[in-house]
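Just so you know, these numbers use all the heavy atoms, side chains as well, and skip hydrogens, waters and symmetry mates. Numbers for residues simply follow the sequence, beginning at 1.
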Amino acid sequence: PAMTPAHPPPEPEAFSAALHLRSHYSLLRAVWSVEDMAVGLAASGYHAGALADWNSIAGAVAFWKEMRRLGLHPVLGCELEMRHGSMLGSIVVLVAADAGYHSLCRILTRRSQSGPPALADLAGRVEGLIALTSGKDGMLHRLLVAGQAGEAVRWVRGMRRTFGAETAYLQVLNQHPGDAARAATLLEIAEGEGMPPVAAMEARYASPTDAGLLQALASIGTLTLLDEAAESKPQPASGY
């Protein structure tokens, strides 16, 4: 309740929102602070931003304070690692109401005790939350890359059952070479399953000069050399 905004956000047609932001609280997966993030959003003309750190809400309070200081609407959440059979991948979970913050805290506590949950483990535990299919680390993306189109569709259906048809969204991004073809596939799935699509790029740093730093940190996290590819390492971005 203490984090409830004093005023509601602007009407949807009046504002733009960045829905998939990782800060340096996503250890070895992003390089900017929540303070730099808020400043960057304001300078870029955004009115709202969603903090979605990897299995963590450690930056929530600092992010909330800085966003409010700059007159921006903060959205809290996280990128939650999930399991589906033997595969691991994420979804983005965002808080839409006070109950959602409580739900998210409970989910993260259970995850720390039991490991990545399956969708079935979240059933009945997602009050006040909105879910996006996530990006390159997302379960949907990894199933498609693995050639498991049928499982990918089943995953989408499971998300809709778990979170509700009105609060589960298929995330589409187009920021890396080759993303356009994947975006077309995602939009086909969205249309076929009646799951509303939302455009949301993954933001991990503020300036092009930070790309090398992120690559270095990601190499540490994956125990690979700088020029070696790894599943969780970022691809060269066409934008930032």
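A single hydrophobic cluster is not seen to contain both W54 and M82; linkage of ILVMFWY side chains at heavy-atom distances under 4.5 Å, directly or through other members, places them apart. Note on Y25 and L27: separate hydrophobic clusters, where clusters join Ile, Leu, Val, Met, Phe, Trp and Tyr whose side-chain heavy atoms are under 4.5 Å apart, directly or indirectly. Placement of V153 and L186 in two distinct hydrophobic clusters is found when ILVMFWY residues are connected by side-chain heavy-atom separations under 4.5 Å, directly or transitively. No chain of hydrophobic side-chain contacts below 4.5 Å, direct or via other Ile, Leu, Val, Met, Phe, Trp or Tyr residues, connects W155 to L173. A continuous path of Ile, Leu, Val, Met, Phe, Trp and Tyr side chains, each step under 4.5 Å between heavy atoms, connects M37 with L70, placing both in one hydrophobic cluster.
Between S23 and L51, some side-chain heavy-atom pair lies under the 4.5 Å cut-off. The closest side-chain heavy-atom distance from N174 to M201 is not below 4.5 Å. Under the 4.5 Å side-chain criterion, counting only non-hydrogen atoms from C-beta, Q148 is in contact with M87.
Shown here for R160 and A165, the closest heavy-atom pair between the two residues is NH2-CB, 3.1 Å. What you find for G89 and R142 is that their closest heavy atoms are CA-NH1, 4.0 Å. Contact detail for A168 and F163: the closest heavy-atom pair is CB-CB, 4.3 Å. Here the closest non-hydrogen pair linking F63 and P74 is CE2-CB, 3.8 Å. The minimum heavy-atom distance linking L21 with A18 is given by the pair CD2-CB, 3.9 Å. The two atoms that bring I57 and C105 nearest to each other are CD1-SG, 3.8 Å, heavy atoms only.
Taking V31 as the reference, Y205, D210, L213, L214, L217 meet the side chain to side chain contact (heavy atoms under 4.5 Å, CB included) condition, with sequence neighbours excluded. Partners of H141 under the ring-ring contact (aromatic ring centres under 6.0 Å, His included) rule, at least two apart in sequence or in another chain, do not exist in this structure. For R110, there are no salt bridge (Lys or Arg N to Asp or Glu O under 4.0 Å) partners, not counting sequence neighbours. For E193, the salt bridge (Lys or Arg N to Asp or Glu O under 4.0 Å) partners at least two apart in sequence or on another chain are R157. In this structure R106 satisfies the salt bridge (Lys or Arg N to Asp or Glu O under 4.0 Å) test with no other residue, sequence neighbours excluded.
A donor-acceptor pair is defined here as one N or O able to donate and one able to accept, closer than 3.5 Å; no such pair exists between the side chain of T162 and the backbone of M159. The backbone N or O of T185 sits nowhere less than 3.5 Å from a side-chain atom of E188 that would complete a donor-acceptor pair. Side chain of Q171 to backbone of A200: a donor-acceptor contact under 3.5 angstrom is found. H47 places a side-chain N or O within 3.5 Å of a backbone atom of S16 that can act as its donor or acceptor partner. Side chain of S207 to backbone of T209: a donor-acceptor contact under 3.5 angstrom is found.
Between E127 atom CD and H102 atom NE2 the span is 9.5 Å, to the nearest 0.5 Å. Note that CG of L129 is 8.5 Å distant from OG1 of T167, once rounded to the nearest 0.5 Å. Note that OG of S26 is 8.5 Å distant from CG of N55, once rounded to the nearest 0.5 Å.
Here salt bridge (Lys or Arg N to Asp or Glu O under 4.0 Å) pairs that include residues 49-65, with residues two or more places apart or in two chains, number zero. Listed by first and then second residue, the ring pair (Phe, Tyr, Trp, His ring centres under 6.0 Å) pairs that reach into residues 185-204 come to none, sequence neighbours excluded. Each salt bridge (Lys or Arg N to Asp or Glu O under 4.0 Å) pair with one or both residues in residues 194-209, not counting sequence neighbours, appears once here: D137-R204. Residue pairs meeting the salt bridge (Lys or Arg N to Asp or Glu O under 4.0 Å) criterion with at least one member in residues 74-89, sequence neighbours excluded, are R22-E79, E81-R111, R83-D121. Screening residues 30-40 for salt bridge (Lys or Arg N to Asp or Glu O under 4.0 Å) gives no qualifying pairs among residues at least two apart or on separate chains.
For the pairing with C78, the side chain to side chain contact (heavy atoms under 4.5 Å, CB included) check across I107, L104, I91 returns one residue only, L104.
Taking a 6.0 Å sphere around CD of E228, one finds it holds more than 12 heavy atoms contributed by other residues, nucleotides or ligands.
The hydrophobic cluster containing I130, built from Ile/Leu/Val/Met/Phe/Trp/Tyr side-chain heavy atoms closer than 4.5 Å, also comprises L19, V75, V92, L94, L132, Y169, V198. Connectivity analysis of hydrophobic side chains (ILVMFWY, heavy atoms under 4.5 Å, direct or indirect) links V145 to nothing; its cluster partners are none.
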Original post:
Step by step, would you call S103 with R125 a side-chain contact (heavy atoms from CB on, under 4.5 Å)?
Top reply: CA-CA 6 Å; S103 297; R125 305 177 186 275; over 6 Å; no
Subject >> Worked check of side-chain contact (heavy atoms from CB on, under 4.5 Å) between L119 and H84 >> reply: CA-CA 8 Å; L119 281 173; H84 181 66; 5.9 Å; no
**OP:** For side-chain contact (heavy atoms from CB on, under 4.5 Å), just list the numbers for T133 and M195, CA-CA rounded to whole Å, side-chain angles, deciding distance to a tenth of an Å, and then say yes or no.
**Re:** CA-CA 10 Å; T133 54; M195 190 177 194; 4.0 Å; yes
**OP:** Step by step, work out the side-chain contact (heavy atoms from CB on, under 4.5 Å) result for I189 and L144.
**Re:** CA-CA 11 Å; I189 294 174; L144 290 172; 4.1 Å; yes
